[in-house]
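To start, the structure itself, in structure tokens.
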Amino acid sequence: MALSLSSSSSSSTSAVSGSSFPRPIDLRATQIGLPFNFHDRTLALSTALSVSQRRHLARPLNADTNRNVSTVASAATIVAPEVLETADVALEDYEQLAKDLDGASPLAIMGKALEKFGNDIAIAFSGAEDVALIEYARLTGRPFRVFSLDTGRLNPETYQFFDAVEKQYGIRIEYMFPDAVEVQALVRNKGLFSFYEDGHQECCRVRKVRPLRRALKGLRAWITGQRKDQSPGTRSEVPVVQLDPVFEGLDGGVGSLVKWNPVANVSGNDVWNFLRAMNVPVNTLHTQGYVSIGCEPCTRPVLPGQHEREGRWWWEDAKAKECGLHKGNLKQEEGSLNENGNVGVHGNGTTTHADVFESQNLVGLTRAGIENLAKLESRKEAWLVVLYAPWCQFCQAMEGSYLELADKLVGSGVKVGKFRADGEQKEYAKQQLQLGSFPTILWFPKHSPKPIKYPSAKRDVDSLMAFVNALR
């Protein structure tokens, strides 16, 4: 992996010309006049992680400044400051360290990470609001490295943003690319947009996960922009530091890679307040309604009231809204944790989450009930039915609107119902009821056997009522 090194002394914007992209819009947060003057400091300590017999313990190793950590030709244009070796080889308990740092500021956590691993750690930059990580790294006054995954499917605005960040901080981002042969095979066999048909995991595996795996094999630690509020189902328990449960680092094996999440405890609003205060450049897509930004075909703006992750892979259910870069989080989505720390799951594959959409004005349909309703060619009343899963945060988010709609439709000639379509019912719902993602809302007309799927992502009462009024 070719990784470039940058130091805090190169934080000012560089005047660079001849870019292959149109000059990016200089979109910055409001300047409120907070000058900083940080000077380069020689890094006094760099330690890294080797394999340990215990998953939460790791042994820091002395940094070897003569070791060539690159796996491809280096793109570095800045010489790294000399890293002094240390004889500290004590075992590090990262679970305890996470507890100790849980109340620390992102700046303090970033400083600790860079101090501990020196040249063996890099920031993973996606081209979104995680630019805050680069700014925090600059403010520590320590040298830092930044890498990014260029999938070949990013928005033009994201490429322009990469260019703006490189100029702002005087760095060269270390781009990792997917294997051309693998991408060629995928596209030739399945087409350019196969992920709309059979899920995003295969494409993400080729374009993102495998390049990331190659990048991390040259490191002992990495820094991510994960926040607990980004995805309540998959990231709510993210610690500020952990042994990576999925990927391996330079030394190989379980426990060979440390994962730092400096903004884990920071809200999205606070991240943006920080970006505005520091006059940091941001991706222009944010002004167009994009919050979570990924590849162009798999990212769209979110509407007011929607969660930011609803703009990613919107055709899939909430369980799948991780691309594989943070796959270790997914176990938290599959059910609630019991007293032993295990996920509680019933024998039929459904989880122990409390049910949603509970109201006397709403009919809960069984499998037999929904099958009978679907078979009828003529019904006494029209039906509006939501296909849901109680663990889905998007279903939980629309519960209030749907219950209010049910109250409004009492006596109107429209029945409002729900059908739990996860677990063993999911395959039936996908094949027979047009289930694509949770929640899916269906209208069963009085005089037509085929249900009509609600096409919009707007789930407020007025939008749902407009759909009903247009069809009844």
Side-chain angles (χ1 to χ4, degrees), residues 193-199 300 302-303 305-306 310 313-320 348 350 355-392 394-472:
F193 300 98
S194 60
F195 37 82
Y196 291 139
E197 303 296 330
D198 55 14
R300 68 178 181 180
V302 294
L303 300 164
Q306 286 187 303
E310 289 197 71
W313 308 296
W314 56 90
W315 63 93
E316 298 181 3
D317 67 52
K319 263 187 184 177
N348 63 357
T350 58
D355 204 8
V356 291
F357 304 120
E358 298 281 10
S359 169
Q360 62 181 5
N361 295 326
L362 195 148
V363 180
L365 295 169
T366 63
R367 169 70 175 269
I370 194 76
E371 285 180 336
N372 289 334
L373 181 64
K375 290 176 181 177
L376 292 174
E377 295 194 8
S378 181
R379 306 172 183 88
K380 292 182 179 180
E381 296 176 295
W383 282 73
L384 187 73
V385 179
V386 60
L387 311 181
Y388 75 100
W391 47 259
C392 170
F394 309 132
C395 297
Q396 297 165 10
M398 71 163 283
E399 181 177 21
S401 297
Y402 198 68
L403 294 182
E404 183 179 345
L405 180 69
D407 294 341
K408 289 179 176 288
L409 290 176
V410 171
S412 67
V414 176
K415 288 281 189 181
V416 180
K418 65 176 185 177
F419 174 65
R420 181 169 179 173
D422 63 342
E424 62 186 20
Q425 308 299 338
K426 187 173 182 179
E427 195 59 34
Y428 162 76
K430 290 173 65 176
Q431 293 182 5
Q432 302 297 328
L433 299 176
Q434 308 176 55
L435 175 67
S437 63
F438 294 119
T440 291
I441 301 171
L442 298 177
W443 172 263
F444 291 86
K446 288 180 63 175
H447 304 299
S448 175
K450 185 177 181 179
I452 300 171
K453 185 176 180 178
Y454 180 58
S456 175
K458 296 180 179 179
R459 302 183 187 118
D460 59 282
V461 175
D462 292 339
S463 297
L464 293 172
M465 183 63 80
F467 174 67
V468 171
N469 289 336
L471 295 175
R472 68 174 173 175

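In what follows, every heavy atom counts, from backbone to side chain, and hydrogens, waters and symmetry copies are set aside.
Among residue pairs with one or both ends in residues 404-413, none qualify as salt bridge (charged side-chain N to carboxylate O under 4.0 Å, His left out); sequence neighbours excluded. Residue pairs that meet the ring-ring contact (aromatic ring centres under 6.0 Å, His included) test with at least one member in residues 398-429, sequence neighbours left out, are Phe357-Tyr402. Pairs passing the salt bridge (charged side-chain N to carboxylate O under 4.0 Å, His left out) check and including a residue from residues 358-372, sequence neighbours excluded, read Glu358-Lys418, Arg367-Glu371. Listed by first then second residue, pairs satisfying ring-ring contact (aromatic ring centres under 6.0 Å, His included) with a partner in residues 451-472 read Tyr454-Phe467, not counting sequence neighbours.
Pro390 is listed as a side-chain neighbour of Arg420, based on a closest heavy-atom distance under 4.5 Å. Side-chain contact between Met398 and Ile441 is present, with heavy atoms from C-beta onward closer than 4.5 Å. Using a 4.5 Å cut-off on side-chain heavy atoms (C-beta onward), Gln425 and Ile370 make no contact. When side chains are defined from C-beta on, Leu405 counts as touching Leu384, because their heavy atoms get closer than 4.5 Å. Looking at heavy atoms from C-beta onward, Arg472 lies in side-chain contact with Trp443 at the 4.5 angstrom threshold. Pro445 has its side chain out of reach of Leu471: every pair of non-hydrogen atoms, C-beta onward, lies at least 4.5 Å apart.
Taking CG from Asp355 and CD from Glu399, the interatomic distance works out to 8.5 Å, rounded to the nearest 0.5 Å. The distance from atom CD of Gln431 to atom CD of Glu427, rounded to the nearest 0.5 Å, is 4.5 Å. Leu387 CG to Ser437 OG: the interatomic distance, rounded to the nearest 0.5 Å, is 10.0 Å. Atom CG of residue Asn372 and atom OG1 of residue Thr366 lie 8.0 Å apart, to the nearest 0.5 angstrom. Atom CZ in Arg459 sits 10.0 Å away from atom OG in Ser401 (nearest 0.5 Å).
Here Leu376 pairs with Arg379 under the side-chain contact (heavy atoms from CB on, under 4.5 Å) rule; sequence neighbours left out. Judged as a side-chain hydrogen bond (donor to acceptor under 3.5 Å, both in side chains), and not counting sequence neighbours, Glu381 has no contacts. With sequence neighbours left out, Gln360 forms a side-chain hydrogen bond (donor to acceptor under 3.5 Å, both in side chains) with no residue at all. Listed by chain and number, the residues in a side-chain contact (heavy atoms from CB on, under 4.5 Å) with Lys453 are Gln434, Thr440, Leu442 (sequence neighbours excluded). A search for side-chain hydrogen bond (donor to acceptor under 3.5 Å, both in side chains) contacts involving Ser194 returns nothing, not counting sequence neighbours.
Taking all atoms of both residues into account, the shortest heavy-atom contact from Leu435 to Ala421 is CD2-O, 4.1 Å. Closest approach of Gly417 to Leu362, counting heavy atoms only: C-CD2, 4.0 Å.
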